[in-house]
Amino acid sequence: MATTATPQPASGSRYTAKDIEVLEGLEPVRKRPAMYIGGTDTRGYHHLLWEIVDNAVDEAINGHAKRIEVTLDADHRGATIGDDGRGFPVDVHPKYNRPALELILCTLHAGGKFASSNYKVSGGLHGVGSSVVNALSVELDVKVLRDGFEHMQAFSRGIPTGKLKRGAATRKHGTILHFRPDPEIFGDKASFDPDTIRERLEAKAYLHGGLVIVFKDQATGETVELVHPNGISDYLPKLVTQRGKPAVHASMFHVAKDGDIRLEAALLWTESPDESLRSYVNGIPTHTGGSHESGFNTAIVKAVRAFIEAKKIQPKGVTLTAEDIREGIVGLLSIYIQEPQFQGQTKDRLNNPEAGPAVEGIVRPALEQWLLENGTAGEAIVMRAILAARAREARREATQQVVRKTAVSHRLNLPGKLADCSSTDPNESELFIVEGDSAGGSAKQGRDRRTQAILPLRGKVLNAEQASTSKVLSNKELQDIVSALGCGFGKDFDASKLRYGRIFLLMDADSDGQHIATLLLTFFYRHLPGLIRGGHVYLAQPPLYRIDAAKETHWALDDKERDRILVKLPKGNKAEISRFKGLGEMPAEDLKATTLDPRRRRALRVVIDGELETDRILNELMGKDASARFRFIMDRAPNAEIDV
């Protein structure tokens, strides 16, 4: 007679009060840094600097500072920010019996920006910026100049390493803060990028006309003074020039107004096929927009439609959409409000509902008046919109050739070589676009058939940067990708119809594979940018080397990682090194273990970090102008690693 064992509780299954952790002080920041700075990657590293710089800018926009200095350490792993503002308070807080400086830097939600008595407008809201920087820095030293003396205190990982000390007498005022982000949080290789910082500081100099920002790089000895008295009136022409597309009209639209919401905006239509709008709230860049951008866009469309009615212009054969009217715009919008409601500590989006109507109420009548006073420019803008509408109709007709014509079944009109997954849930489904049929065979054997689909490609795909839309649509390989994804193409893109939540570009780990991945990324960026912005596109990271030593197997992505692994092996261990010529010769089990299995694989999510710079680089490296590529190659030839 069979017996059944009594189930025993699994280890750790008892859940009691002693299992509850209470994170105190700045512990939550070090435990979950992404909640406060968006991540521990390069963007998070730089976010620490922006927090301190924005504090200095807040002093400036409230009339307490005129000059800011930012200095990078020689190894680019630390920075010093100084301003001539009022300086951190250093007196003892009556309630907490601690110096205010220490309270600000060591306590979440401690600051002077909750009420409007000290700062009429500011980018800081939650009282966490400086304390987050302190928590995530291996060292932070601050010198405050105020009340006739220098005051100094040092910190490490959010904890004071000494008491606040009063130093020499001084007539100066301001704050000088030096910090170095913690390698335990960001890794040993993270560092500041001088070009990124200079671009961001220059944008702030444009936004706050007259503010002097000095940028110093100790590695090169470079010192640059950034000051632009005319503000964004000088900034817009620079952005238009950088985009490399001619303007449709000569003079730009500019409006500035003070009131409950202080606003400054500038606009110019160009021949670019897309729109570019940079928006700021209290000097903080809002990369993902928000209510103020919505009001701005609405004002533009309504003003142009009002001009069309006033001039009795009747576009024939097309209906102008809001997107047609805004196509080609290069715009800047900067507003200042007293109680901004940002989405999260990274402040990428503004949520104040009242901002939209307020911005529209200022911009719309001003733009209507400008269009009527500049009739030639207004007519050129309307003609630009009509051409955009006709191009959109042409794209729609061409797109219908490749977009799935029915939603009856998710398997209709799919490419014949697609090895689809059985799941129809995009949240768990993945598509691997694989280089070559042989690699596709290995991937099909190693995949999880329930959630992973494989689409092999033959050879190098079309360069979408140089090809016309009709040529892109007629390319068989790209047709197959669009059909497999199911989300449409170009202006008809609909993310809700996407069949796979994650799309992996799985290419050989050599220069040919990198070239194919670059061609595919160009296609996605130009014709399916919504997939990249939505975080759906990844670069798979298959290994180039397999290293067997003793009973252990190691995988290396490249020569440098191979060398690091070999150095770490115990002395006397003989290593057998295999170099994969391509994914096709990799056993299915190895491909699964290193590249397909979600628990073990390595992959890079593709993000657009700076639309303007991405557009420029893509145009130079993949566009029709060979001279730009030649310059790029010649400038970097001494540092090139040749794969032979």
Side-chain angles (χ1 to χ4, degrees), residues 26 28-58 68 70-73 76-81 83 104-105 108-109 111 113 122-140 142 155 157-158 175 177-204 207 213 215 278-290 340-350 533 535 605 607-614:
L26 297 180
V29 182
R30 294 187 62 82
K31 191 80 171 178
R32 298 286 186 268
M35 290 179 59
Y36 299 89
I37 60 171
T40 55
D41 54 4
T42 299
R43 296 179 71 176
Y45 199 91
H46 285 75
H47 186 84
L48 300 183
L49 179 60
W50 308 148
E51 288 283 4
I52 304 301
V53 169
D54 289 340
N55 283 341
V57 171
D58 284 344
I68 298 171
V70 178
T71 304
L72 291 187
D73 291 357
H76 290 170
R77 294 190 179 183
T80 302
I81 303 91
D83 65 66
I104 292 169
L105 291 173
L108 290 176
H109 309 295
K113 301 176 184 177
S122 69
L125 300 174
H126 313 116
V128 302
S130 298
S131 55
V132 166
V133 177
N134 190 17
L136 300 179
S137 296
V138 67
E139 61 181 76
L140 184 147
V142 61
F155 304 82
R157 299 186 172 102
T175 302
L177 188 149
H178 173 264
F179 74 100
R180 291 178 67 85
D182 192 349
E184 290 183 5
I185 302 294
F186 298 96
D188 295 328
K189 295 183 178 179
S191 62
F192 289 116
D193 178 25
D195 293 335
T196 299
I197 294 170
R198 177 172 175 171
E199 181 181 351
R200 181 77 166 249
L201 295 178
E202 185 161 33
K204 290 190 178 297
L207 287 172
I213 301 179
F215 174 57
R278 294 191 177 192
S279 63
Y280 303 83
V281 176
N282 294 359
I284 306 294
T286 44
H287 298 295
T288 57
Q341 298 171 18
F342 290 112
Q343 185 171 297
Q345 177 61 21
T346 53
K347 304 172 186 174
D348 283 341
R349 186 175 183 84
L350 181 70
R533 294 190 181 103
R605 174 180 281 175
V607 298
I608 302 173
D609 191 5
E611 296 264 2
L612 188 64
E613 186 67 6
T614 301

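Starting from 1, each residue takes its place in the sequence as its number. Given the structure is predicted, the values throughout are model-derived calculations rather than measurements.
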Next item on the list: Taking ring pair (Phe, Tyr, Trp, His ring centres under 6.0 Å) as the test, write out the residues that go with Phe215, two or more places apart.
Entry: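 Once residues adjacent in sequence are excluded, Phe215 has no partner under the ring pair (Phe, Tyr, Trp, His ring centres under 6.0 Å) criterion.
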Kindly compute the distance separating [atom1] ([X]) from [atom2] ([Y]), expressed to the nearest 0.5 Å.
X: Asn134; Y: Leu48; atom1: CG; atom2: CG; result: 10.5 Å
X: Arg180; Y: Thr80; atom1: CZ; atom2: OG1; result: 10.0 Å
X: Arg200; Y: Asp54; atom1: CZ; atom2: CG; result: 6.5 Å
X: Arg198; Y: Ile213; atom1: CZ; atom2: CD1; result: 12.5 Å
X: His47; Y: Ile52; atom1: NE2; atom2: CD1; result: 10.0 Å
X: Ser130; Y: Leu108; atom1: OG; atom2: CG; result: 11.5 Å

Notebook entry, point to check: Do Arg77 and Pro183 touch side chain to side chain, with heavy atoms closer than 4.5 Å?
Noted result: no
If you compare all heavy atoms of [X] against all heavy atoms of [Y], which two are closest, and at what distance to 0.1 Å?
X: Gly78; Y: Pro181; value: CA-CD, 4.5 Å
X: Ala79; Y: Leu72; value: CB-CD2, 4.0 Å
X: Val133; Y: Ser137; value: O-OG, 2.6 Å
X: Ile104; Y: Ser131; value: O-CB, 3.6 Å
X: Leu136; Y: Phe186; value: O-CE1, 3.8 Å
X: Ala203; Y: Tyr280; value: CB-OH, 4.1 Å

Next item on the list: Carefully, step by step, assess Phe155 and Leu26 under the rule side-chain contact (heavy atoms from CB on, under 4.5 Å).
Entry: CA-CA 12 Å; Phe155 304 82; Leu26 297 180; over 6 Å; no
Checklist line | Val70/Phe192 under side-chain contact (heavy atoms from CB on, under 4.5 Å): CA gap, chis, key distance, verdict | finding: CA-CA 12 Å; Val70 178; Phe192 289 116; over 6 Å; no
Can you name the residues that form a side chain to side chain contact (heavy atoms under 4.5 Å, CB included) with [X], not counting sequence neighbours?
X: Thr196; value: His46, Trp50, Asp193
X: Thr175; value: Asp83, Phe88, Val142
X: Asp182; value: Arg30, Val138, Arg157, Glu184, Ile185

With sequence neighbours left out, what residues match [X] under side chain to side chain donor-acceptor pair (under 3.5 Å)?
X: His76; value: Asp217
X: His178; value: Asp73
X: Arg43; value: none

Item checked: Arg533: partners by salt bridge (Lys or Arg N to Asp or Glu O under 4.0 Å), with sequence neighbours left out ->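 Arg533 satisfies salt bridge (Lys or Arg N to Asp or Glu O under 4.0 Å) with Glu611 only.
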